[in-house]
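The next block holds one structure in the form of C-alpha cells; read it before the comments.
Read the numbers this way: they start at 1 and go in the same order the structure lists the ligands and their atoms.
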Amino acid sequence: MTGVIEVRDLTVRYSGATALDGVDLTVHAGELVALIGANGAGKSTLVKVLSGLVHPASGTITVDGRLAQVPEGREMFGDLTVDDNLRLGGWRNGRKGRDTTHVYDLFPDLIPIRARRAGALSGGQQQMVAIGRALMARPDILVVDELSLGLAPLIVTTLVGHLRSLHADRGLAVLLIEQNARLALDLCHRAYVLESGRIALHGAAADLARDPRVAAAYLGGH
Ligand code: ATP
C-alpha cells in the first residue's frame with residue numbers, strides 16, 4: 001500500500017559514517033505515525049532528508065501531498081510578531097495564504113498575543129506558533145520534530161490534544177519525531193523505533209508500548 005510519505009531503503013552517510021542504513025518508513029493518509037529513538041539514532045537526519053537539506057547516498061523518499069514541518073526548537077523569527085510569523089508560513093499560497101483565521105480558530109490563546117514579538121513568548125506559545133505557521137501552508141502531512149522538547153507536561157498535553165483534533169477534524173497525517181516515547185506511543189497509531197540508523201522495530205503503537213524491548217530502552221523499564 002502506498003502512503004503520503006514513502007521512505008524506501010534510505011541510506012545516508014556523513015563523510016563515511018552511516019547515519020541511516022536502509023530505512024523503510026510509510027505514513028498513510030490521515031495516519032499518526034511516530035519515529036522514536038535515542039540521541040544520535042538518526043531521527044534528525046531523516047527530517048533533513050525530508051526537507052531536502054541532506055541528500056541520501058541511496059534510497060528514495062516520495063511525498064504525495066503537501067508537507068509542512070514544525071522544526072525542532074521552533075525556529076521563530078524572534079523579532080517578528082506572532083502574526084507575521086504565521087503569515088510567513090502561508091507565503092506559497094499567495095494572498096489567500098495570508099489569511100490566519102483558521103489558525104486563530106484552532107489556537108485562540110494566540111489571539112491576545114498576536115502583535116507580540118515571537119521571541120518574547122514562552123516555549124509553549126512558540127510551539128503553538130510553530131504548529132500554526134506550518135498549518136498556514138494547508139498541509140496534508142505535518143512533520144513535527146520534537147514536539148515536547150523543553151516544554152512543561154501540561155503544555156505538552158495541550159499540544160497533543162491539538163494534534164489529535166487536527167487529525168480527527170481535518171484528516172491531517174502526522175509524522176511525529178519524538179524522544180519522549182511514551183507520549184509518541186500514546187498519541188500515534190503506528191511507530192518506528194530507530195536504533196543506530198536502522199529501524200529496529202515497527203508496528204502498532206499499542207503493541208510497541210507493551211513490547212519489553214521498548215519498555216526497557218525507551219519507557220524507563222515500565
Ligand atoms: P538527536 O536527537 O541528538 O538530534 P538524532 O537521532 O536526530 O539525534 P542525528 O542527528 O540524525 O540523530 O545523527 C545520526 C548520526 O549521524 C549520529 O551518529 C551523529 O553523530 C551523526 N551526524 C549527524 N550530523 C552529522 C554531520 N553533519 N556530520 C557528521 N556526522 C553527523
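- Between the side chain of Arg190 and the backbone N or O of Thr26, at least one donor-acceptor pair lies under 3.5 Å.
- Taking the ring axis of Tyr218 as reference, the NZ or CZ atom of Arg182 does not stay both within 45° of it and closer than 6.0 Å to the ring centre.
- In this structure, Ile61 and Leu50 have side chains that are in contact, with non-hydrogen atoms separated by less than 4.5 Å.
- Under the 3.5 Å distance criterion, the side-chain polar atoms of His167 are matched with a main-chain donor or acceptor of Gly30.
- Test Leu80, Asp99, Thr81, Val103 against Leu86 for side-chain contact (heavy atoms from CB on, under 4.5 Å) and you get one pass: Val103.
- Protein residues with a heavy atom closer than 4.0 Å to ligand 1 are Tyr14, Ala19, Ala38, Asn39, Gly40, Ala41, Gly42, Lys43, Ser44, Thr45, Gln179, listed by chain and number.
- Gln179 places no side-chain N or O within 3.5 Å of a backbone atom of Glu146 that could act as its donor or acceptor partner.
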